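Inspection log for the structure reproduced underneath, given as structure tokens.
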There are 2 protein chains.
Amino acid sequence: MASDSNAPLPKQTRAVDPRLAPLETPALILDEARMRHNIKRLGDRIESLGVTLRPHLKTAKSVEIARLMLENGNGPATVSTLAEAEAFAEAGVNDIIYAVGIAPQKLDRVAAIRSRGCDLSVILDSAEQAHAVARASTRHQAPIPALIEIDSDGHRGGVTATDTALVEIGHILHDGGAALRGVLTHAGESYNVSGAEGHAAFAEQEREAAVQAAESLRAAGLPCPLVSVGSSPTAHAVRSLDGVTEVRAGVCVFFDLVQAGIGTCDVEDIALSVLTTVIGHQPAKGWVITDAGWMATSRDRGTADQTVDQGYGLVCDEAGNVVPDLIVIEASQEHGIVGRRPGSTRSMPDFPVGTRLRILPNHACATASQFTHYSVIPPDAGTPLKTWSRITGW
Amino acid sequence: MASDSNAPLPKQTRAVDPRLAPLETPALILDEARMRHNIKRLGDRIESLGVTLRPHLKTAKSVEIARLMLENGNGPATVSTLAEAEAFAEAGVNDIIYAVGIAPQKLDRVAAIRSRGCDLSVILDSAEQAHAVARASTRHQAPIPALIEIDSDGHRGGVTATDTALVEIGHILHDGGAALRGVLTHAGESYNVSGAEGHAAFAEQEREAAVQAAESLRAAGLPCPLVSVGSSPTAHAVRSLDGVTEVRAGVCVFFDLVQAGIGTCDVEDIALSVLTTVIGHQPAKGWVITDAGWMATSRDRGTADQTVDQGYGLVCDEAGNVVPDLIVIEASQEHGIVGRRPGSTRSMPDFPVGTRLRILPNHACATASQFTHYSVIPPDAGTPLKTWSRITGW
């Protein structure tokens with residue numbers, strides 16, 4: 001859980017990894033052991049529930065990480081951009097859902113990816129989009145599969161499970177030459193509640209909405225092979241998946257302070273950090289200035305509305321041990337200002353110029369996207385640091 | 001100025017540029033005519049004040065744009081990363097200040113750039129850093145030039161002009177084998193006040209602090225050839241530069257909603273926008289959903305504390321005409337939610353799926369950094385769209 005002023009000082013058990021020495025700062029550090037632990041935790045859980053796991057690759061955006069997340073290394077996957085779909089398809093991933101409502105202009109690119117042997121499907125929530133997918137299927141003389149997005153919590157897109165548009169969209173796809181692949185929902189609002197009870201309630205909302213939508217389609221004589229639900233909080237709290245065929249989750253591969261703040265993980269599970277160097281001080285203000293500004297941490301302030309506001313990130317020493325009550329209180333483009341959490345009575349540690357620190361991210365997806373690659377610390381101390389590229393752009 | 005509900009509807013004078021048609025969304029659009037206007041405005045102003053302009057390239061991060069911003073195409077420049085310094089030096093820029101407090105670990109890389117013929121200087125504000133620069137100068141058998149950072153407004157780093165550390169640092173550099181190149185200040189707090197009067201007051205604070213620091217160094221028998229000041233708001237409002245040798249400014253090459261909000265520019269001056277496509281609707285909520293989430297706009301919410309909160313950006317039609325009262329009210333990774341500004345009574349325009357819009361950025365530095373390249377609209381309608389790359393990483 002997030003640290004606060006009343007917590008006892010944690011044991012400083014980890015030592016600095018000598019493999020970090022050659023890295024220039026800021027750098028994006030990935031603790032492979034923690035990541036593998038997170039991947040296994042979700043995999044075991046979803047396996048025990050008897051459904052398929054379709055990891056979301058939008059957080060990692062890395063072929064090497066996808067291999068570790070996906071069943072057999074190339075199994076069902078979710079992506080957030082066609083650039084990801086192209087890169088993962090090229091790497092052999094053969095079953096992908098592009099889980100952002102399809103723009104008609106992108107359908108030729110979808111068809112091109114499909115023609116190279118990847119079963120890429122799209123999502124949509126309107127008759128206009130369904131007509132566009134049907135037309136593109138006809139144009140390419142090959143049905144493009146689409147899932148209908150279901151709104152289970154008012155978060156963003158989707159039709160509700162009781163909306164008459166649902167069956168109408170299904171018919172436009174099925175009768176128009178596209179393929180109706182199923183229904184999909186995502187309880188994005190689960191990020192705004194804390195604790196397993198609340199997340200389990202959102203998980204049940206996801207399940208109910210998706211299953212009800214699937215039943216409506218089937219009652220209308222339409223196919224609905226996939227019933228897809230998921231978010232990191234609900235995937236870790238869900239109790240029943242009756243009628244669901246698959247679960248999607250992404251940020252839990254690394255976890256972050258937002259997820260720790262709502263109880264999906266502990267701070268110690270966070271696998272991602274930004275390595276930074278101290279470049280100055282303003283002692284009268286209690287400020288330590290680093291070279292990790294928002295260009296490195298991102299502008300994400302996802303913990304701002306949580307019980308414990310982590311600023312632009314929680315500060316660790318170079319070994320990765322959390323420094324109690326120390327956060328990035330302000331950030332400009334290439335400067336981070338590290339200071340004590342408001343209300344803290346702890347004294348400011350002495351970090352001379354040149355000291356290296358690590359910053360845990362508010363939001364792993366946003367922080368990772370500020371970098372072109374990961375510097376990966378393998379679990380075996382004898383293995384050298386690895387560099388894994390990230391997929392960029394759209 | 002920022003639009004509000006009481007303003008009359010602006011004339012929709014601009015037509016869609018057919019050169020945008022082949023672009024996929026989201027895309028980063030640069031209006032070259034507006035950018036050239038902004039560059040000329042600052043250049044004329046600083047020329048009339050009789051000092052050198054040293055543009056900050058951290059916003060543009062592009063060799064092509066640097067050519068247009070710099071005197072003779074390769075004149076004095078400011079950068080925020082050594083990756084920029086390397087790329088611009090390689091392109092022939094031969095006088096660069098790396099304007100982020102130097103980490104000792106970065107000095108070998110600085111020396112390597114200098115050895116390739118670029119006069120790169122660093123900044124610092126502590127005896128520890130000055131000793132490190134002196135040691136690196138000895139190690140490389142070539143003096144590394146450094147400017148002392150002066151704190152003129154309590155914004156971030158720097159020693160105050162009256163701090164006795166100033167002359168001490170000067171001596172460590174000058175007597176230790178480095179080169180004392182001068183003093184530098186940046187009134188970052190000027191971003192938090194609105195209007196030319198307030199910005200002129202910050203400009204005078206910058207001037208006074210820098211000139212006083214220079215005089216202290218000279219009185220101690222130390223050299224101080226450069227007296228460097230600047231920020232976009234102060235550079236456009238400054239009245240006297242007596243004793244100053246150069247002015248730095250960066251974001252004004254593109255401008256943005258934060259700068260418009262404090263009166264440094266008009267919304268019509270903003271040269272940068274994100275092209276996006278409508279992918280859905282939630283009519284009951286007045287939402288239009290687009291494919292420009294925070295991965296495209298960035299998480300920057302710099303207008304949140306201004307008089308007019310622009311959300312994640314102000315919405316224009318594809319031609320670039322502002323749509324009154326329409327902003328990006330919420331953003332997730334690849335979804336933008338467009339809606340009416342709170343309090344607006346205007347009706348929601350009809351934007352069918354597939355409609356393309358353009359989003360003006362809160363903060364040009366942050367939004368541009370989400371992309372690997374610009375799609376540049378040349379002023380001459382007969383010239384095709386150009387693609388200019390951005391420098392990434394550190």
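Throughout, protein chains are lettered first and strands after them, A, B, ... in sequence-line order, and every chain is numbered starting at 1. This structure is a prediction, so every number in the text was calculated from the model and none was measured.
Among all heavy-atom pairs drawn from A:D151 and B:Q282, the shortest one is OD2-NE2, 3.9 Å. Taking both residues in full, the closest heavy atoms of A:V353 and B:P104 are given as CG1-CD, 3.6 Å, listed atom of the first, atom of the second, then distance. Minimum heavy-atom separation, A:D125 to B:I279: OD1-O, 4.4 Å. The two residues A:G154 and B:K285 make their nearest non-hydrogen contact at O-NZ, 2.9 Å.
In terms of non-hydrogen atom pairs under 4.5 Å with chain A, the most contact-rich of B:A99, B:G280, B:A27, B:P26 is B:P26. Put simply, of A:G354, A:S126, A:A103, the one with the most heavy-atom pairs under 4.5 Å next to chain B is A:G354. Interface summary for chain A: among B:R156, B:Q333, B:R109, B:K58, the most heavy-atom pairs under 4.5 angstrom belong to B:R156. Counting heavy-atom pairs under 4.5 Å between each of A:L124, A:V278, A:V100 and chain B puts A:V100 at the top. Among B:G158, B:S298, B:A132, the residue making the largest number of heavy-atom pairs under 4.5 Å with chain A is B:G158. Looking only at heavy-atom pairs under 4.5 Å with chain A, the residue among B:R299, B:H155, B:E330 that has the most is B:R299.
For a heavy-atom cut-off of 4.5 Å, chain B lies close to A:H363, A:C365, A:A366, A:S369, A:Q370, A:F371, A:T372 in residues 363-372 of chain A.
The closest donor-acceptor contact from the side chain of B:Q105 to the backbone of A:E24 lies at 3.5 Å or more, if one exists at all.
A search for ring pair (Phe, Tyr, Trp, His ring centres under 6.0 Å) contacts involving B:Y98 returns nothing, not counting sequence neighbours. With sequence neighbours excluded, no residue forms a ring pair (Phe, Tyr, Trp, His ring centres under 6.0 Å) with B:H335.
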Show which side-chain atoms of residues 287-296 of chain B pair as donor or acceptor with protein atoms under 3.5 Å away, not counting sequence neighbours.
from, atom 1, to, atom 2, distance (Å)
B:T290, OG1, B:T276, OG1, 3.4
B:T290, OG1, B:A292, N, 3.2
B:D291, OD1, B:T276, OG1, 2.6
B:D291, OD1, B:T277, N, 2.9
B:D291, OD2, A:K106, NZ, 2.7
B:D291, OD2, B:T25, OG1, 2.5

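B:R356 touches chain A through its side chain: at least one heavy atom from C-beta onward sits under 4.5 Å away, while N, CA, C and O do not. Heavy-atom distances place both the backbone and the side chain of B:E334 under 4.5 Å from chain A.
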